[in-house]
Amino acid sequence: MADEAVAERAAEPASHDPQKPQGSRSPEAPPRGRERGGERGGDRGDEQAQGEAEAHDGPEAGDDEAAERAKERERAADRIKDLTRDPLAEEDGEDGPTDLAAAARARRAGRKLLTSGRDFTSFDRSRIGHAHIGDINVSLDARRSGVAMRGGPVPEEELRRLRRAHVEPAGYVRLRRALESRRLLVLGGAPGTGRTCTALALLDEVTRDGAGDGGRVRRFDPHQGEGVRGLVGEVNGREGGEGGEGGEGGERRGTGYLLELALDRPGTLPPDEMDLDQLASTLAEGDAYAVVVVSVGSAANPLLAGRYGMVCPPAPSPELVTVRLRERLEEARDHEALERAARIAEDPEVIEAVGLDDLRPAEAELLASLLAEHLLGSLTREELLAGCRGIAAVQAHEWFAGVDRALAAAPSSGDGRTPVRSATAALFHPVAFRIALAVLGGGSHSAVSAAAHLLTWELSVQSDPDSTPSRPLFCDDPESDRALSRARSDNGAIDVAGAEVTGQLIFYRGSALPAAVLAEIWDRHFPVRAPVVRWLRLLADDPRPQVSVRAAVAAGELSVRDFEYGFGELVRPLAEASSPRRRVFAATALDQVAGHASHRKAVRKVVDDWSRYGTASLRWTAAMTLGHGRAADSVDAALDALARIGVRDQGRQLAVASLNVVRLLTLPECATVLRRLGQWAEDRREEYQDLALVTIVRLATTGVDEVLDDEPGTPLGDRGDWPLLLALAVTRPELTGTLADLLWTALNTARSRDVAFDALEALLRSASRGERGERGEGSERGERREGGGDRMRPGLAALLPALTSDEHDRQQLEWLLRRMMRDQDRPLTTEQASALWRLAVPARQRRSDEEESHG
C-alpha cells in the first residue's frame, strides 16, 4: 500500500452502511477481526448471533435476541469505559481529574527529604546538652536569650581566647564602624549563629584603651533592670544596675556593655526609639559603647530597621572548622595533621553524616574535635560518623526544649483565678514553622506558611484549651522564619492544576534537619503528638499533592518511630475513610513504613489481611499500597492480592486494582506483570478478562511520570513525559511483542474496542503533534505537557510494526488514521498520517502490499 493511500481514502464519503461486510472500511467503526490464537466467545459477530437466533426461534425472536445482545454488548463496553477512568477522582465527580504525576513527584521528594537512615540515639538523651564522644565534652546548647545570662565583667582570659578563635562574619568591618560612630549597636541574628561572640569581639576592639579594674567589657543582666532603661542607669553608675557599687559613672569610662534581650517571650515589649536615643546619649557622655543583641523576628524588626539596627550574618563554616582544628591540633602538637583533617572534613560521607549546609560556632567546634580525635586515633571512623550524625539532633533538641516553659509559669490575673496567657500563638509559631518545614520542605513557601499557621492553632489550643488563640495578621516575616529555622528559599517548579509554574520554594539548610526535627518532637515530647496528628489529618484533605503526599510520607516516618501509635492514630483511621484522598494518604504512609526493613513484615501482614478480609475501604487502601511494590513478598504475591481485590463484588474495585497493576510495570519484574496480564486475558472467567482489558487500556493512557518512583537518570526516569507503553517498548525491547499482543487483544475485543482505539489514537497523536494529552472522544484523562513528540517516535516505531503484523491489522490502523484526519477539531495532516503509516509499515512490507494491489 502506498504511503499516500491513507490520505486518498480520507476523501471518500463518510456514510456508513450497516450491511457492509466485515472487511469493509467505514470511518465510523474499525474492521472487526478474530482473536490471536482463537475467538473470544463473548465477542462473536452480529451476523453469527443473529443467524443462530433466527434458526432457533424464527425471525422475530432472532431480532429480539440480537437487540438484547447488542444492548448487553453496549453495557459491557460502557462498563469497561467507566473502569478506565481515574479511580482517585471519585470524590470530584466522574470526570474530575487528579494529578498523579504531581503526586508521584511529591512522594519522591518527601522520601528523599526524610529517608536518611540516621541514628538519632547516638547520644545520651538525658544529657543531650553535651556531646560525649571519647574524651570530647563540648557544650552545644544555645542559651535562650536573656534567660540564664548573668551580669558582670567578661574575664580578660575569655576575651583573649575570643580574639584567637573568632572568625569574622561578612560585613564585620561595617558593624565595627557603625558601633564606633553611634556608640550603640542593635545586633540581630538567629540564636546559635555566633551573634554574641561577634558582639563581644566588637566591644573588645573598641574598648582596647578603656577601663581595666572594673572590666572593660561587661555583660548586663536584663532582669536586674528594665532592659535598655536599666542599662542607662548602669552606664550612669546609679543603683538599679550592678554598676551602683562604684558610685560614680566616671570609673566606667571606656567600658563596653553587652545586653541580650529576649523579645520572643510572651508579654515582652521591645524598647522604643526614644529609649535607644537616651542610651546612645548616655554612652557618648561616658565614652562607652553598648551592643544590644536580639533574635530576628517580628518583635525585633522595628529595632533592626531603626538607625541603630544591623543584622549579624553567620560566620563562614569552613573557616570556623579550620580555626577550631588548628586549636585542637596545636594542643596535640601535630602540625602536619591539619591538611589531613581538612581532607577528611571534605569527605562526602562525612559531609552527608553532618547533614548541615553551614555550622554554628559550637557545631564547628564539635566537628573539629571529632576530626582531631579521629586523626589522633581516639575515635574510629564509625564513631566519627556517628558523632557527626548527632549534631543535627542536638539542634532539634535546642529548638523545642522548654518552649512553653514560660506559659507553664504564667502570672495570674488580678482576680487570682484566671491565668494570663497572652501571645500563645506568637510563641508557638516559630516551633510550628520548623515542624511544617520538616514535613513539607521543598514545597512552596506559601504552603509551608499556611501549614505552620494551622499547626500553630492546634498547638495553642492544646496548650490552652480554654482560650481562643489570637494572632496578629500583619506580623509575619519570611526572613525571620528562615533565619530562626535555618532555612533557605529558592525559585523552582510548583505543580498547579496539572501544570508547572515557577514559585518560591523553601528548604532546610541541611538534609539532616527534617528527620531530626520529626524524631525530636515524636520521641521526646509526647503531648505534642495529639495536635500533630490532628494537623496531619487536616493536611491529608489538602487537594495539593505537594501538601497531602509529603505529609503522608512524614506520617509514615513518624509511624516507624512508634508503629503502634502511628498505625492506630493515623494509618488505620484514614485507611477506612470515605474520601479517596485520605485513603491515598494512608497507603503512602504504609508504604513509607514498609521502606524500613524492621517494619516491612508487619506492613505486609496488614496489607494481606486487608486484601482478604477488610472492608471495601480497607481493600481499596491495600490496593494503593500494593502498587508501590514493597507491601508484598514478591510481585507475584502483589498481583495475586490485586486480582483478589479487583474481581471481588462484581469488580467493584477493579479500577483501582488495574491502576496499581500498571504501577507495578515500572519495576524490574515488568515481564512477570505482562505474563500475568496475558493469563488473565485468556482466563475463562469474565471478571479476570475485564481486569486484563482495563489494565491494558490504562497502560496505554498512563504517563511514566504518573507512576514512576525513580529519579531522572534511569531509562524510564528520562522519559517521564512519555506514555508508559511507548517507554517500555523502547527501554525493554524484548517485551515489545508481548506489549503489542496485549494491546491487540484490547483492540479486537468488542467491549474494550472503542476505548482501546481512543487510547491508540492518543499514542499516535503524542508523536504526530509533539504533545501528549490529546484524546479521542470519550477520553477522560490526559497529560498537558508540551513537546517531546519527536523523542517518542522510537516508541511508536518499535510498537506499531508488532501491532500491525497482518493485513487486517493494517486495515484497522488505516481506518484510525482516516478518522483522525477527518476529526473536525484536531485534524491530522496528510504528512503526519503518512509519517505514522511509515512507522507502522516497514518499507519492504509497503512494497509487498503495493505489488499485491497491482497484481
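In this structure, the side chain of Gln653 engages the main chain of Ala616 through a donor-acceptor pair within 3.5 Å. Arg529 places no side-chain N or O within 3.5 Å of a backbone atom of Gly566 that could act as its donor or acceptor partner. When atom types are taken as modelled, the side chain of Tyr308 and the backbone of Glu273 share no donor-acceptor pair closer than 3.5 angstrom. Under the 3.5 Å distance criterion, the side-chain polar atoms of Arg434 are left unmatched by any main-chain donor or acceptor of Ala396. Judged purely by atom type and a 3.5 angstrom limit, Ser485 uses its side chain to pair as donor or acceptor with the backbone of Asp481.
Once rounded to the nearest 0.5 Å, the distance linking CZ of Arg360 with CD of Glu398 reads 4.0 Å. Between Leu440 atom CG and Ile506 atom CD1 the span is 10.5 Å, to the nearest 0.5 Å. Interatomic distance, CG of Leu303 versus CE of Met310, reported as 14.5 Å (0.5 Å rounding). Here the straight-line distance linking atom OH of Tyr565 with atom CG of Leu558 works out to 10.5 Å at 0.5 Å rounding.
Annotation: cation-pi pair Arg524/Phe400 absent, no NZ/CZ under 6.0 Å from the ring centroid and within 45° of its normal. For the pair Arg488 and Phe507, the cation-pi criterion (under 6.0 Å, within 45° of the ring axis) is fulfilled. Cation-pi contact between Arg561 and Trp522: absent, since separation from the ring centre below 6.0 Å together with deviation from the ring axis within 45° is not met.
For the pair Glu458 and Pro531, the tightest heavy-atom approach, listed with the atom from each and the gap, is O-CB, 3.8 Å. Considering all non-hydrogen atoms of both residues, Val293 and Ala199 come closest at CG2-CB, 3.9 Å. The shortest heavy-atom contact between Phe220 and Gly227 is CE2-O, 3.6 Å. Shortest non-hydrogen contact noted between Pro514 and Ser511 is CD-O, 3.5 Å. The two atoms that bring Gly192 and Pro361 nearest to each other are O-CD, 3.3 Å, heavy atoms only.
Residue-environment remark: CD (Gln504) exceeds the threshold of 12 foreign heavy atoms within 6.0 Å.
Proximity of Glu706 to Arg663: side-chain heavy atoms (C-beta onward) are nowhere separated by under 4.5 Å. You'll find the side chain of Arg105 stays beyond 4.5 Å of the side chain of Gln546, heavy atoms only. When side chains are defined from C-beta on, Asp591 counts as touching Arg107, because their heavy atoms get closer than 4.5 Å. Counting heavy atoms from C-beta outward, Val571 and Thr621 have side chains that stay 4.5 Å or more apart. Side-chain contact between Glu500 and Asp495 is present, with at least one heavy-atom pair separated by less than 4.5 Å. A heavy-atom distance below 4.5 Å is not found between the side chains of Trp457 and His453. Side-chain atoms of Met624 and Asn660, non-hydrogen and from C-beta on, do get closer than 4.5 Å to each other. Here the side chains of Pro271 and Leu261 are in contact, with some heavy-atom distance below 4.5 Å.
Here the rule is side chain to side chain contact (heavy atoms under 4.5 Å, CB included) with Thr198, and of Pro314, Pro313, Cys312 only Cys312 fits it. The only option from Leu359, Ile391, Val354 that meets the side chain to side chain contact (heavy atoms under 4.5 Å, CB included) definition with Leu366 turns out to be Ile391. Among the candidates Arg581, Arg582, Arg583, the single residue satisfying the salt bridge (Lys or Arg N to Asp or Glu O under 4.0 Å) test with Asp541 is Arg582.
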Report task. Test side chain to side chain donor-acceptor pair (under 3.5 Å) on Arg486 and Thr193 and set out the steps. Result -> CA-CA 10 Å; Arg486 298 182 74 162; Thr193 56; over 6 Å; no

